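In each ligand, atom 1 is the first atom listed, and ligand 1 is the first ligand listed. Since we're looking at a predicted model, the values are computed, not measured.
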Amino acid sequence: MNRRNLLTVAGGTLLLTGLGVYGWRSSVGSMAGYEAYASRLRAALAPEPQILDLIRYATLAANSHNTQPWRFHADGGTIDILPDPSRRTPAVDPDDHHLFVSLGCAAENLLIAATASGRPGALSVEGESVRYAFSTAQARPDPLLAAIPARQSTRADYDGRPLAAADLDKLRAAADMPGVRLVLFTERTQIDRLRDLVIAGNDAQMADPAFIAELKHWLRFSPRAAMASGDGLFSATTGNPVLPEPLGGIALDLFFTAAGERDKYARQMDSSAGVAVFLAEGEDRAHWIAVGRACQRFALTATGLGLRHAFVNQAVEVARLRPELAALAGESGLRPDIVMRFGYGPSLPFSPRRPVAAVLV
Ligand SMILES: Cc1cc2nc3c(=O)[nH]c(=O)nc-3n(C[C@H](O)[C@H](O)[C@H](O)COP(=O)(O)O)c2cc1C
């Protein structure tokens, strides 16, 4: 190849690489841009926040598949949290159990944020929705307020360090809620049995085409897609690479295997300091909302103590595994609602949320 051809090929290669990098960047978006977006969503409340700011704090709650299955209606001294049926996940949650637990999580955030900033009130379940009725009074500082924007589901390996007994007591006390039982597992042999149930549930879900199709619908592989929809499970929040959306789908088909997931869950459970299992005393909306409130308080308290937490709900979602899980918790006859591991570990990028305007009725 003469010098002129060589220069042409080199120039062409540079141009194509540049176009490729540009195309990649513009279809994926930047993580720096995503992180700025995630911090704006979690900006601290002003000393005298508007109702819309309180609703923003409510939406930072844990919720199944990050579908954010809620709508808010504010009117005078009440804020109603209503289910959003368009955000149901019938494969993983055919009876809307997770949907109502998610409403309970949001309701608890709302109660904490409003009370701490001068709008104390009470929550009640009204048919399908949760009502927060409030008055105005002096702000009542609550350490859980600061934990609301700091909390995240951290699906990473933890470092295995055990918790001090006093911290376990604080977690237990925080989740105390009428109608909800909490069983804490910190003995390794028992955590091992829970791990086996999580893995059995995960195997069943991986073999279920409806579960996988629904999961794929809520996956986001790029910062751009996560910010555009403001919902769903963004790969970076689970420590996975960001990719253009079509490549993400291909990578998932190639690398998302039952064996790989089994190893991941085994590591995650083995490295956790403990596991919390929540079981309600009844199987109805009001109890599921109460479970959501209890597990949100547990997660916020853990966050305040410098702990990480993540839901591992497979053995709840696969109905045939529930009796074994309940028996392991010493609560045969009750339906287990939530399984949450906790421990010390790293943080990961925060998950997206839709803007408040998108969740108002
Ligand atoms: C009822 C319920 C069930 C959940 N189940 C799981 C689960 O099985 N696995 C998981 O990784 N996350 C689970 N999550 C966590 C959500 O995916 C998470 O809250 C959501 O993606 C938002 O992320 P964030 O908690 O970091 O804000 C569950 C959350 C709720 C409320």
Side-chain angles (χ1 to χ4, degrees), residues 38 41-42 56-70 83 87-89 91-109 147-156 180 194 197-202 204-206 211 214-215 218-220 226 229-240 261 264-265 268-269 272 275-280 285 287-300 302-303 308-318 321 325 335-342 345 347-354:
L41 292 170
R42 290 170 177 77
R56 175 172 62 86
Y57 258 42
T59 68
L60 296 177
N63 66 96
S64 180
H65 277 23
N66 199 23
T67 67
Q68 303 157 39
W70 43 53
R87 291 175 170 268
R88 295 182 67 235
T89 46
V92 70
D93 187 28
D95 59 4
D96 290 338
H97 167 277
H98 283 13
L99 186 151
F100 286 101
V101 171
S102 303
L103 295 197
C105 294
E108 192 60 27
N109 269 14
I148 290 176
R151 187 206 62 82
Q152 60 167 227
S153 301
T154 311
R155 300 178 192 85
V180 180
L194 280 171
L197 277 178
V198 168
I199 290 174
N202 190 69
Q205 290 179 327
M206 295 282 294
F211 174 87
E214 185 176 83
L215 178 68
W218 290 102
L219 290 179
R220 313 281 177 258
S229 69
D231 60 17
L233 302 161
F234 175 31
S235 57
T237 67
T238 48
N240 285 308
E261 290 298 287
K264 181 186 81 182
Y265 283 114
Q268 292 186 349
M269 295 295 282
S272 295
V275 182
V277 178
F278 295 81
L279 308 96
R285 288 179 197 135
H287 279 94
W288 298 339
I289 289 165
V291 165
R293 295 184 58 191
C295 76
Q296 183 71 17
R297 291 188 67 81
F298 183 98
L300 293 172
T303 304
R308 303 282 165 210
H309 69 276
F311 293 74
V312 272
N313 245 26
Q314 291 83 345
V316 168
E317 291 159 0
V318 177
L321 297 174
L325 176 58
R335 168 180 172 164
D337 293 283
I338 291 292
V339 183
M340 189 186 278
R341 66 188 181 95
F342 55 88
S347 64
L348 284 171
F350 283 99
S351 63
R353 288 295 187 277
R354 288 177 295 150

For the student: nearest non-hydrogen atoms of [X] and [Y], plus distance:
X	Y	result
Glu214	Thr89	OE2-C, 3.0 Å
Cys295	Phe311	SG-CE2, 4.2 Å
Tyr265	Ile199	CB-CG1, 4.2 Å

**Q.** Short N or O distance, Arg353 and ligand 1, threshold 3.5 Å exclusive
**A.** yes
Q.
Geometry only, no angles: is Asn313 polar-contacting ligand 1 at N/O separations under 3.5 Å?
A. yes
Which of the listed options, [options], holds the heavy atom that is closest to [atom]?
atom	options	answer
atom 17 (O) of ligand 1	Arg155, Gln314, Gln205, His309	Arg155
atom 23 (O) of ligand 1	Ser351, Ala299, Gly232	Ser351
atom 10 (C) of ligand 1	Phe311, Phe234, Phe278	Phe311
atom 1 (C) of ligand 1	Ile338, Leu348, Val339	Ile338

Please confirm whether the backbone N or O of [Y] pairs with a side-chain atom of [X], one donor and one acceptor, at under 3.5 Å?
X	Y	result
Gln152	Ser347	no
Arg341	Ser272	no
Asp337	Val291	no

With a cut-off of 4.0 Å, which atoms of ligand 1 are near a heavy atom of [X]?
X	answer
His65	17 (O)
Val101	1 (C)
Glu317	5 (N), 8 (O)
Leu233	17 (O), 21 (O)
Gln152	26 (O)
Ser64	2 (C), 29 (C), 30 (C), 31 (C)
Ser102	31 (C)

Q. Does the pair Gln205 and Gln314 meet the rule for a side chain to side chain donor-acceptor pair (under 3.5 Å), with working shown?
A. CA-CA 8 Å; Gln205 290 179 327; Gln314 291 83 345; 4.8 Å; no
Q) Which protein non-hydrogen atom lies closest to atom 16 (C) of ligand 1, naming both residue and atom, and how far is it? A) Asn63 O, 3.1 Å
Q: Give the residue and atom name of whichever protein heavy atom lies nearest to atom 25 (O) of ligand 1, and the separation in Å to one decimal.
A: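 Of the protein heavy atoms, Ser153 OG, 2.6 Å lies nearest.
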Quick one: [atom1] on [X] to [atom2] on [Y], what's the gap to the nearest 0.5 Å?
X	Y	atom1	atom2	result
Lys264	Arg155	NZ	CZ	8.5 Å
Asn240	Phe234	CG	CZ	10.5 Å
Leu325	Arg335	CG	CZ	11.5 Å
Ile148	Thr303	CD1	OG1	10.5 Å

Q | Heavy-atom gap His97 to ligand 1 smaller than 4.0 Å | A |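 No.
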Q: Consider ligand 1: state whether an atom of it lies below 4.0 angstrom from any non-hydrogen atom of Ala310.
A: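 Under 4.0 Å: no for Ala310.
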Heavy-atom pairs closer than 4.0 Å: do any link ligand 1 to the side chain of [X], the backbone, both, or neither?
X	result
Thr237	neither
Arg42	neither
Arg151	side chain
Asn66	both

Q | Worked verdict on Arg354 versus Thr59 for side-chain contact (heavy atoms from CB on, under 4.5 Å) | A | CA-CA 8 Å; Arg354 288 177 295 150; Thr59 68; over 6 Å; no
(Q) Apply side-chain contact (heavy atoms from CB on, under 4.5 Å) to residues Val277 and Ile338 and explain how you reach the verdict. (A) CA-CA 6 Å; Val277 178; Ile338 291 292; over 6 Å; no
